[in-house]
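This report refers to the structure that appears directly beneath it.
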Amino acid sequence: QLQLVESGGGLVQPGGSLRLSCAASGFSLDYYAIGWFRQAPGKAREGVSCISSNGRSTIYADSVQGRFTISKDNAENVVYLQMTSLTPEDKAIYYCARADFMMDNSDYAPLSGSDFSAWGQGTQVTVSS
């Protein structure tokens, strides 16, 4: 059964770091791009980052470029989002999602929510002093 489970959220001070994990089951990361999205209260969902099935292509939102790093461990079937230099504007629920289409060894790395069809339940990230 397809499942995505996020973890690693929590409360962190401004300037701090967190690493989010997205554990996938029911399919292999070898064949699908995985994205991270976030939604803050009262705001639209925002694409944060995506990594392609072959791991060679990544994309980031301008708001997190240079601060966040996406990576994955295909053997463990886990995708990570390392977040540094966090600010209160990064406070949101963070979701991971699987791209619609199976693409083996592909550089395909979308960042539009409409390109993703399977979503996790989310993990809360709060940045506050």
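All values reported here derive from a predicted model rather than from experimental measurement.
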What is the distance from atom [atom1] of [X] to atom [atom2] of [Y], rounded to the nearest 0.5 Å?
| X | Y | atom1 | atom2 | answer |
| --- | --- | --- | --- | --- |
| Cys96 | Leu20 | SG | CG | 9.0 Å |
| Gln124 | Lys91 | CD | NZ | 6.5 Å |
| Leu29 | Asn77 | CG | CG | 4.0 Å |
| Lys72 | Tyr32 | NZ | OH | 12.0 Å |
| Ser17 | Gln82 | OG | CD | 6.0 Å |
| Arg98 | Cys22 | CZ | SG | 11.5 Å |

Can you confirm whether [X] sits close enough to [Y] that some side-chain heavy atom of one is under 4.5 Å from a side-chain heavy atom of the other?
| X | Y | result |
| --- | --- | --- |
| Pro14 | Thr87 | no |
| Phe37 | Tyr94 | no |
| Ile93 | Thr123 | no |
| Ser21 | Ser7 | yes |
| Val48 | Tyr60 | no |

Can you give me the closest heavy-atom contact between [X] and [Y], atom names plus distance?
| X | Y | answer |
| --- | --- | --- |
| Asp90 | Ser85 | OD2-O, 4.3 Å |
| Ile70 | Ile34 | CD1-O, 3.9 Å |
| Ser57 | Ala109 | OG-CB, 3.9 Å |
| Ala24 | Leu4 | CB-CD2, 3.8 Å |
| Trp119 | Phe116 | NE1-O, 3.5 Å |
| Ala33 | Cys50 | CB-SG, 3.9 Å |

Inset, instruction - Check the side chains of Ser63 and Glu46 for a donor-acceptor pair under 3.5 angstrom, ignoring hydrogens and angles. - result: yes

Inset, instruction - Consider only side-chain N and O atoms of Ser128 and Thr126, and report whether a donor and an acceptor are under 3.5 Å apart. - result: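 The criterion, which ignores hydrogens and geometry beyond distance, is not satisfied for Thr126 and Ser128.
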
Going hydrophobic residue to hydrophobic residue with side-chain gaps under 4.5 angstrom, can you get from [X] over to [Y]?
| X | Y | answer |
| --- | --- | --- |
| Leu111 | Tyr108 | no |
| Phe27 | Trp36 | yes |
| Met83 | Val64 | yes |
| Val12 | Leu81 | yes |
| Leu2 | Phe101 | no |

Taking the side chain from [X] and the backbone from [Y], do they hold a donor-acceptor pair closer than 3.5 Å?
| X | Y | value |
| --- | --- | --- |
| Gln39 | Ala44 | no |
| Glu6 | Gln121 | yes |
| Ser49 | Ile59 | yes |

Legend entry - From CA spacing to verdict: side chain to side chain donor-acceptor pair (under 3.5 Å), Asp100, Ser117: CA-CA 5 Å; Asp100 282 337; Ser117 56; 2.9 Å; yes

Inset, instruction - Start with the C-alpha distance between Ser53 and Ser106, add both sets of side-chain angles, then the distance that settles side chain to side chain contact (heavy atoms under 4.5 Å, CB included), and finish with yes or no. - result: CA-CA 6 Å; Ser53 62; Ser106 170; 3.7 Å; yes

Inset, instruction - With Arg19 as the cation and Tyr80 as the aromatic partner, state whether NZ or CZ is under 6.0 Å from the six-membered ring centre and within 45° of the axis. - result: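 Arg19 over Tyr80 ring: yes.
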
Legend entry - Quiz item: cation-pi between Arg45 and Tyr95, 6.0 Å / 45°: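 No, a cation-pi geometry is absent between Arg45 and Tyr95.
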
Inset, instruction - Please assess Phe68 against Leu18 for the test side chain to side chain contact (heavy atoms under 4.5 Å, CB included), listing each intermediate value before the final yes or no. - result: CA-CA 10 Å; Phe68 290 12; Leu18 280 176; over 6 Å; no

